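The first residue of the sequence shown is numbered 1, and numbering continues consecutively from there. These numbers come from a predicted model, not from an experiment.
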Amino acid sequence: MGTSFGDRLKSLGEDYGFRLLLTSGAVILSALVQCFALQALVRPAGIISGGFTGIAMLMEALGSRWGIPVSMQAVMLILNVPVALFCGRGISLRFTVFSLAQVALSSFFLQVCQFGPLFADQILNVIFGGVLMGASVVIALKGNASTGGTDFISLYVTNRTGKSIWTWVFMGNALLYCAYGALFGWMAAGYSIIVQYISTRIISAFHHRYDLVTMQITTKLGPEMVDAYVSHFRHGISCVEAEGGYSKQKMYLLNTVISSYETSDVIRLLRQVDSRVIINVMKTERFVGSFYRKPME
């Protein structure tokens, strides 16, 4: 019954209309979380977030200092559109459209929603601001969208190279905070860096699309398992004969490298072929060679 339910759930996940609905919900929720974090936590702490949103907040603050009205929401859209048009060619049209929708909704919610400060303590605002800003990005990514800005650039580069550049994004934001500190005080800049660090760690902890794992498989049904595997997944797999140290029976050792988000599906398939299969999953620190990556929707 559990397998049947899993199959029905997987079938539902493959339905295009359902995926569109899921992505739409993720985009709306992500925009709301981002709006709440900015209004209830980040702004009351007198700090800025990272990425294009941080640049927009910095420009708004500079405009206020110089007596020039600058709309943070408008700046967010102006910065995101050209980057989306460029990076969209290396990601996908659907992903780009939904990401721009997230940016537009965030700007809209910032305009119409009025969330009051959540905490009077600045440290709590900094900590929870970083957590919720990171959560808004994760929600969008899990729904096959993004929060735009540097997310576009990060995903474009990562999709081309297979390497995560969230650390480089953090360093770029650190430069933004240095400029903010020089203009508005280093205490605020320091707290802003902490917010960005927490946000980056949240993203790294929950977004694993580009992490690779190595599967070491021990089974008596090597040829059958190889045939089942290559018919469902577009990754190479090696198979060698071995002898069980305890049983002295003929065994097969299989090795393959897959994306971490495919792990559950692969294990489910292998257990259908051999319910007594032994599987060891290990994190792959470095992989050299060609590797198939499913295109982003």
Query - Donor-acceptor contact below 3.5 Å, side chain N125 vs main chain F119 - result: yes
Query raised in the report: Can any side-chain N or O of S99 pair as donor or acceptor with the backbone N or O of S146 at less than 3.5 Å?
Result: yes
Query raised in the report: Hey, are S192 and Q196 close enough side-chain-wise for a donor-acceptor pair under 3.5 Å?
Result: no
Query raised in the report: Can you name the residues that form a side-chain contact (heavy atoms from CB on, under 4.5 Å) with A242, not counting sequence neighbours?
Result: L253
**Report entry** Expected output: side-chain Q102 to main-chain A145 donor-acceptor under 3.5 Å
**Finding:** no
Query raised in the report: Taking all atoms of both residues into account, what is the closest heavy-atom pair of I203 and G134, and its distance?
Result: CG1-O, 3.9 Å
Query - Exam field: side chain S231 to backbone D227, donor-acceptor pair closer than 3.5 Å - result: yes
Requested in this report: For L118, enumerate each residue passing the side-chain contact (heavy atoms from CB on, under 4.5 Å) test, keeping only those at least two apart in sequence or located in another chain.
Outcome: F36, A40, L41
Report task. Might you work through the side chain to side chain donor-acceptor pair (under 3.5 Å) test for T256 and Y229, ending with a clear yes or no? Result -> CA-CA 10 Å; T256 184; Y229 179 83; 2.7 Å; yes
Query - Side-chain donor/acceptor of K142 to backbone N/O of F206, under 3.5 Å - result: yes
Report task. Kindly say whether N280 contributes a backbone atom to a donor-acceptor pair with the side chain of Q216 at under 3.5 angstrom? Result -> no
Report task. Would you please test S107 and Q111 for side chain to side chain donor-acceptor pair (under 3.5 Å) and show each step? Result -> CA-CA 6 Å; S107 301; Q111 190 72 33; over 6 Å; no
Requested in this report: Go through M225 and L269 one step at a time and tell me if the side chain to side chain contact (heavy atoms under 4.5 Å, CB included) criterion holds.
Outcome: CA-CA 9 Å; M225 196 160 285; L269 174 67; over 6 Å; no
Scan the side chains in residues 46-70 for donor-acceptor partners under 3.5 Å anywhere in the protein, sequence neighbours excluded, and list what turns up.
unit_1	atom_1	unit_2	atom_2	d
E60	OE1	R43	NH2	3.1
R65	NH1	L183	O	3.2
R65	NH2	L183	O	2.9

Query raised in the report: Do you know which two heavy atoms are closest between T214 and T284, and how far apart they sit?
Result: OG1-OG1, 2.7 Å
Query raised in the report: Between T219 and V277, is there a donor-acceptor pair closer than 3.5 Å when you use the side chain of the first and the backbone of the second?
Result: no
Query - Min side-chain heavy-atom separation M133-Q34 under 4.5 Å - result: yes
Report task. Give a yes or no answer on whether the side chain of S259 reaches the backbone of L212 with a donor-acceptor pair at less than 3.5 Å. Result -> no
Report task. Let me see the working for R94 and T23 under side chain to side chain contact (heavy atoms under 4.5 Å, CB included), right down to the final yes or no. Result -> CA-CA 10 Å; R94 178 180 179 274; T23 302; 3.0 Å; yes
